[in-house]
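Data block below; observations after.
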Amino acid sequence: MALSTDPGITQDELRLAARNHGMPLEALRWPITPVGLHYLLIHYDVPLVNPTEFRLEVKGAVARPLVLTLGDLRARPAVEMVSTVECAGNGRALLEPRPISQPWLTEAIGTARWRGVPLATLLEEAGLSSGAVDVVFAGLDRGVEGEVEQRYERSLPVSEAIGASCLVAYEMNGASLPPQHGYPLRLVVPGWYGMTNVKWLTEVRVVEEPFTGYQVATGYRVRQTEEEDGRPVTRMRPRSLMVPPGIPDFATRDRIAVAGSHLLEGRAWSGRAPIGRVEVSVDGGRSFGDADVVREFDDPYAWCGWTFHWDATPGEHVLCTRATDETGDIQPLEPEWNLGGYENNAVQRVRVRVD
Ligand SMILES: Nc1nc2c(c(=O)[nH]1)N[C@H]1C(S)=C(S)[C@@H](COP(=O)(O)O)O[C@H]1N2
Ligand SMILES: [Mo]
């Protein structure tokens, strides 16, 4: 992993940033993110898929391998689910030194209503072997990463693959998946960081040995050095974000607001447990007050909304928000550095000038 202490952005980072856009924070106002505002992360190229030739295979350590067309999948009982997805690299560009990869600030986030077939249904039809350990999900896209040529593959332990309400989704917000979000099929793993939500899903492979593919054994590990094995990135840590109040300065995106009463609003989520508390600070994180939290969806890993009254006085202010989930996990005030720049859920800071 290359690192940079240069505050300037490299061309490689700029190219990644232009391919993979974030969700503009004002879109936190929508409970379901409109598709074009949902963040995007595409490691390699978006594949062009012919829907009549497309097949999903369920194979490996199963009693009855399946080869399914899109029609076969749509003929099965469907389930809908609202799920918030965040890239594990969200917050990476705020680390110092900065890992050279997709340079996210805080906006690698979105929430969609997914429709598809429960993964558990397909695994049950196929019949898992008693020795099954992991389930591997492969996309159609190929590339080279860390000098390894590969197709994009991630795995889940069998217990999560069966128990975590995973969906093999063909619809996003009531329409077929668009090409950039995985047409014609993607995996949705509620609560897990984005990387496990494999797009352009074409193969579900059950294996009897722990999967050691690049995106599990090398990428997406929290560690301080290349030599260290570290721990895998799995479920989303708690995070709260606010809709920046007032109006933005074009270049800096600092906010300009009028004095008086403001209803600050935002959304919060955690992939580990429901959100227990959201707090807001109007003094740069020195003191916090409780926001009012509203659960809009029954789905356990959909974000929730919050509001907070702010009586804005003239001057310069730094607003912060932080979430705590029901396990007691709370967002840190300062980033916790790691080599890949994963899981940086340090509190958001929004500079506001009140006139
Ligand atoms: N096949 C495939 N699936 C993929 C990826 C990819 O590059 N290829 N990117 C992953 C990552 S890192 C993230 S954060 C999410 C992004 O999903 P989105 O673009 O639909 O928001 O997709 C995941 N699934
Ligand atoms: Mo990601």
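Whatever order the structure lists them in is the order used to number ligands and atoms, beginning at 1. This one's a predicted model, so the numbers in the text were calculated from it and none came from an experiment. Worth knowing before you read on, the calculation uses all heavy atoms, side chains too, and leaves out hydrogens, waters and symmetry mates.
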Please tabulate, one pair per line, all N/O donor-acceptor pairs under 3.5 Å involving side-chain atoms of residues 25-40, not counting sequence neighbours.
from  : atom 1 : to     : atom 2 : distance (Å)
Thr33 : OG1    : Thr111 : N      : 2.8
Thr33 : OG1    : Thr111 : O      : 3.2
Tyr39 : OH     : Cys87  : N      : 3.3

Exercise. In terms of heavy-atom contacts, does CG of Leu263 have more than 12 from other residues, nucleotides or ligands at under 6.0 Å?
Worked result: yes
Seminar exercise, completed: The side-chain contact (heavy atoms from CB on, under 4.5 Å) partners of Leu140 (sequence neighbours excluded) come to Pro47, Val49, Phe54, Trp200, Thr202
With the criterion set at N/O pairs under 3.5 Å, what does the list of contacts between the protein and ligand 1 look like, atom names and distances included?
from     : atom 1 : to     : atom 2 : distance (Å)
ligand 1 : 1 (N)  : Asp141 : OD1    : 2.8
ligand 1 : 1 (N)  : Asp141 : OD2    : 3.3
ligand 1 : 1 (N)  : Lys199 : O      : 2.9
ligand 1 : 3 (N)  : Lys199 : N      : 2.9
ligand 1 : 7 (O)  : His43  : N      : 2.8
ligand 1 : 8 (N)  : Asp141 : OD2    : 2.7
ligand 1 : 9 (N)  : Leu41  : O      : 3.3
ligand 1 : 17 (O) : Arg186 : NH2    : 3.1
ligand 1 : 19 (O) : Leu41  : N      : 3.0
ligand 1 : 19 (O) : Lys199 : NZ     : 2.5
ligand 1 : 20 (O) : His181 : ND1    : 2.6
ligand 1 : 20 (O) : Arg186 : NH1    : 2.7
ligand 1 : 20 (O) : Arg186 : NH2    : 3.4
ligand 1 : 21 (O) : His38  : ND1    : 3.4
ligand 1 : 21 (O) : Tyr39  : O      : 2.8
ligand 1 : 24 (N) : Asn197 : O      : 3.0

For this session: Might you confirm whether atom CZ of Arg223 has over 12 heavy atoms from other residues, nucleotides or ligands at distances under 6.0 Å?
Result: yes
For this session: Look at atom CG of Asp355 and say whether more than 12 heavy atoms of other residues, nucleotides or ligands are closer to it than 6.0 Å.
Result: yes
For this session: With sequence neighbours excluded, tell me which residues meet ring-ring contact (aromatic ring centres under 6.0 Å, His included) with Phe288.
Result: none
